[in-house]
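Letters go in sequence order (proteins before strands), and every chain restarts at 1. Values in this document were obtained by computation on a predicted structure and should not be read as measured data.
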Protein chains: 2
Amino acid sequence: MGCFRNVIFPGVSKPIRYEDRGASADKAEVHKAIAGEHPGLFPGAFCKVLPDTLTGSPDHCLLIHADGAGTKSILAYLHWKETGDLSAFRGLAQDSLVMNIDDLACVGVFGPFLLSNTIGRNAKIIPGDAIAEIIGGYRDCIAMFAEQGIVIESGGGETADLGDTVRTLVVDSTLVARATRKQIVSGDRLKPGLAIVGLYSGGRASYETAENSGLGSNGYTMLRHEFLSPHYKTAYPEAYAPEIAGLAYTGKYRMSDTFPGANVTVGQTLLSPTRTYAPILKAAFAQAGDAIAAIFHNTGGGQTKCLRFGSGLTYIKDNLFDPPPAFRALRDNPAMAPRELYRTLNMGHRMEIVCEPSVAEALIHISKSFNVDARIVGRTEPSAGANRLILNDGAAEYTYEL
Amino acid sequence: MGCFRNVIFPGVSKPIRYEDRGASADKAEVHKAIAGEHPGLFPGAFCKVLPDTLTGSPDHCLLIHADGAGTKSILAYLHWKETGDLSAFRGLAQDSLVMNIDDLACVGVFGPFLLSNTIGRNAKIIPGDAIAEIIGGYRDCIAMFAEQGIVIESGGGETADLGDTVRTLVVDSTLVARATRKQIVSGDRLKPGLAIVGLYSGGRASYETAENSGLGSNGYTMLRHEFLSPHYKTAYPEAYAPEIAGLAYTGKYRMSDTFPGANVTVGQTLLSPTRTYAPILKAAFAQAGDAIAAIFHNTGGGQTKCLRFGSGLTYIKDNLFDPPPAFRALRDNPAMAPRELYRTLNMGHRMEIVCEPSVAEALIHISKSFNVDARIVGRTEPSAGANRLILNDGAAEYTYEL
């Protein structure tokens with residue numbers, strides 16, 4: 001993701017940085033380690049695209065993508081320990097699955113998908129019934145996608161008992177798809193003069209069963225420790241790394257509390273399953289695929305994700321959504337640096353479509369037809385040098401550089 | 001894997017069971033959780049085989065397979081901490097990759113493969129340089145396979161900083177292949193009257209750079225704690241689950257010690273990268289594919305793996321290899337129950353080919369041409385009821401039932 005250290009920091013003087021808790025927002029180390037890897041057929045695309053070595057077809061390509069529920073699994077564990085209710089484990093399947101599918105949707109690929117999951121657990125802590133819930137959750141989620149015309153074939157997976165390496169639970173998924181090369185959104189249409197349509201992360205989509213918190217499944221190391229109180233540190237030492245003990249569970253909430261302005265508990269907010277935008281994006285491509293230059297899934301890197309794509313661009317975002325309650329609670333906390341929040345979390349729209357301005361309203365209409373709010377949140381302009389992002393939330397302006 | 005509890009236990013009276021340390025040899029809980037899953041096109045095959053939903057071809061099938069280095073990653077960590085040498089992390093890539101490829105080879109599939117890896121780490125403990133070693137290890141291993149005519153295309157993967165769930169390091173891989181349906185070893189040729197050819201787990205194969213310990217990458221929860229001394233418990237509390245503290249690192253060795261009869265250290269023995277048998281099996285299929293009824297990769301379940309395959313069979317294994325030194329050290333320890341060892345570890349041959357007796361010698365010759373010893377270790381006979389295994393190691397006879 002690059003380096004932000006030369007840019008003036010407008011927030012509080014010494015915030016807790018994401019890295020202090022052992023999570024990296026920009027993964028500079030990892031990007032360095034994989035620097036020698038082949039970039040694939042379309043180096044500017046959101047996902048790595050490979051030749052179709054399975055059939056040898058020169059017109060096709062393959063995608064293989066791995067991601068997981070991250071440390072959100074700990075929330076399901078804490079919920080179960082505090083309430084005896086195992087059902088929160090079900091949502092982890094959706095978290096793990098959608099983190100992959102929504103990345104793949106960003107290159108215009110909507111299946112059929114082949115799925116495998118890898119569950120690592122501490123068997124002394126996580127019972128078989130929890131694993132059964134997760135596996136049931138995969139089944140539910142696959143059925144939901146099927147209703148939306150997105151086909152996922154499950155090849156099962158591996159559940160490993162790894163107590164000596166896994167404190168509680170890790171839920172990862174790997175997705176595979178085959179596509180035509182010409183359908184891939186390669187990023188080569190990125191240019192100045194495009195509109196950025198943001199798809200709101202809150203509300204309740206037509207294919208969801210409850211209001212979504214909008215948090216998705218990234219930034220959970222920060223979210224857990226910022227929101228949840230020291231009670232969790234005392235009661236569940238298995239739920240954090242001892243190396244970050246001084247920064248663990250420093251918040252003020254119990255999971256049964258509510259955020260200001262929210263009508264569900266903190267626990268429900270944090271456990272809200274990751275929304276998929278794939279049904280909306282699939283419809284958007286069907287109607288206006290040629291006018292879509294790029295789609296960014298604002299997970300790791302948050303609102304700065306765009307910086308890695310295209311060249312010579314200034315991304316201007318100056319018409320952001322007022323974010324859902326959990327994001328507001330973070331933003332309104334004077335100890336949090338808004339600049340850091342924007343580079344960690346989606347802060348209101350987890351998906352953005354960079355498109356010809358002429359189709360922006362049609363895309364907004366499509367999103368709203370799925371009951372997901374959407375708006376033009378910004379635009380692309382030229383940059384004399386490397387890509388930049390200028391983000392103005394009405395209260396302040398933040399500049400990020402690649 | 002089923003239940004062994006009704007069978008008379010000939011070992012010591014109260015051994016430490018694999019499950020006591022939070023690892024399950026038979027994964028009964030997991031098998032229960034996935035009981036509702038579709039068994040795939042060939043329910044009797046070693047791996048799940050799916051319809052080819054990526055191209056729709058009725059003559060083809062797909063395989064997606066996930067596995068990892070398990071808790072062997074901890075050995076690489078301990079080696080680095082004790083010596084400052086990062087190179088042991090490289091071997092984890094081979095462990096993680098081979099645990100998949102050798103399973104897929106058991107259904108007669110030898111690529112081309114599509115690969116994705118998922119690395120989870122505690123960034124406060126595992127530095128970026130270690131991740132770079134692992135990623136370099138994948139590159140080395142892919143090159144080694146290419147030299148053997150086995151093609152692996154890497155789609156990269158995901159490295160996640162998950163200190164709150166991962167104590168040290170998890171290295172998982174997912175492999176995908178497409179095959180013709182008629183090439184799949186479905187298990188439907190399993191019957192009484194077949195020979196079982198075992199491929200030795202020790203020695204140095206022609207494609208290996210050093211003598212192999214034969215341990216592979218399973219049973220490492222037991223192996224670490226049985227072999228390594230309390231020094232590791234005291235010095236590296238991050239290297240075991242506190243829930244099993246009473247059973248952690250109860251052995252007598254430091255990593256710099258040697259086993260009786262071994263010419264390398266305990267650390268080198270435990271870190272010996274998982275051997276692949278795929279080059280041998282590929283050659284075996286080329287020469288005698290029609291006469292091969294099944295191949296069993298003796299990882300989880302050890303020598304009892306066969307019990308799950310075929311029906312109405314008695315597997316008799318009465319001509320086992322004298323195992324490599326690490327296995328002998330376990331077997332010669334009066335505190336260990338041999339019965340438990342055989343159902344956890346390969347104990348001398350990690351791969352076995354069940355074939356028409358007429359081709360057994362030819363297969364042994366092929367294996368030896370790769371400098372991997374092989375022999376007829378047993379045979380199949382009828383069973384009046386469920387599958388049985390009668391294992392005779394010269395010192396005692398053990399019966400296992402499905």
J.: Give the intermediate values and the outcome of side-chain contact (heavy atoms from CB on, under 4.5 Å) for residues B/S173 and B/L115.
T.: CA-CA 7 Å; B/S173 299; B/L115 160 70; 3.9 Å; yes

J.: Counting heavy-atom pairs closer than 4.5 Å to chain A, which one of B/D172, B/D164, B/T53 comes out on top?
T.: B/D164

J.: Can you tell which part of A/L62 gets under 4.5 Å to a heavy atom of chain B, answering side chain, backbone, both or neither?
T.: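 Only the side chain of A/L62 comes within 4.5 Å of chain B.
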
J.: Any salt bridge linking B/R178 with B/D52? Criterion: basic side-chain nitrogen under 4.0 Å from a carboxylate oxygen.
T.: yes

J.: Please flag which part of B/A177 lies under 4.5 Å from any non-hydrogen atom of chain A: side chain, backbone, both or neither.
T.: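 B/A177 touches chain A through backbone heavy atoms alone.
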
J.: Applying salt bridge (Lys or Arg N to Asp or Glu O under 4.0 Å), can you list everything that pairs with B/E243, at least two apart in sequence or on another chain?
T.: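 Partners of B/E243 under the salt bridge (Lys or Arg N to Asp or Glu O under 4.0 Å) test: B/R167.
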
J.: Under a 4.5 Å heavy-atom cutoff, which of B/L114, B/T55, B/L63 has the most pairs with chain A?
T.: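 It is B/L114.
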
J.: How far does OG1 of A/T118 sit from CD of A/E158, to the nearest 0.5 angstrom?
T.: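 Interatomic distance, A/T118 OG1 to A/E158 CD, rounded to 0.5 Å: 7.0 Å.
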
J.: If I measure from the heavy atoms of chain B, does A/H225 come under 4.5 Å with its side chain, its backbone, both, or neither?
T.: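 Side chain only.
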
J.: I'd like to know which of B/D67, B/V151, B/L169, B/I119 tops the heavy-atom pair count under 4.5 Å against chain A.
T.: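 Top count of heavy-atom pairs under 4.5 Å with chain A: B/D67.
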
J.: Under a 4.0 Å threshold between the charged nitrogen and the carboxylate oxygen, would B/R90 count as salt-bridged to B/D140?
T.: yes

J.: Any idea which of B/T168, B/T165, B/V170, B/I244 has the most non-hydrogen atom pairs under 4.5 angstrom with chain A?
T.: B/T165

J.: Considering only heavy atoms, which portion of A/A179 lies under 4.5 Å from any heavy atom of chain B: side chain, backbone, both, or neither?
T.: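 It is neither, since no heavy atom gets under 4.5 Å.
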
J.: Using 30° and 60° as the class limits, which term best fits the ring planes of A/Y77 and A/Y236: parallel, tilted or perpendicular?
T.: perpendicular

J.: Could you look at A/I125 and say if it's the side chain, the backbone, both or neither that has a heavy atom under 4.5 Å from chain B?
T.: side chain

J.: Please look at A/S73 and chain B and tell me whether the side chain, the backbone, both or neither of the residue comes under 4.5 angstrom of a heavy atom of that chain.
T.: side chain

J.: Counting distance only, does the side-chain N/O of B/D95 pair as donor-acceptor with the main-chain N or O of B/S217 below 3.5 Å?
T.: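 No; judged by distance alone, with no hydrogens or angles, the pair does not exist.
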
J.: Could you please spell out the steps behind the side-chain contact (heavy atoms from CB on, under 4.5 Å) verdict for B/E153 and B/F113?
T.: CA-CA 6 Å; B/E153 175 90 16; B/F113 296 109; over 6 Å; no

J.: Tell me, side chain or backbone of A/S154 under 4.5 Å from chain B's heavy atoms, or both, or neither?
T.: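 Looking at A/S154, backbone and side chain both touch chain B.
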
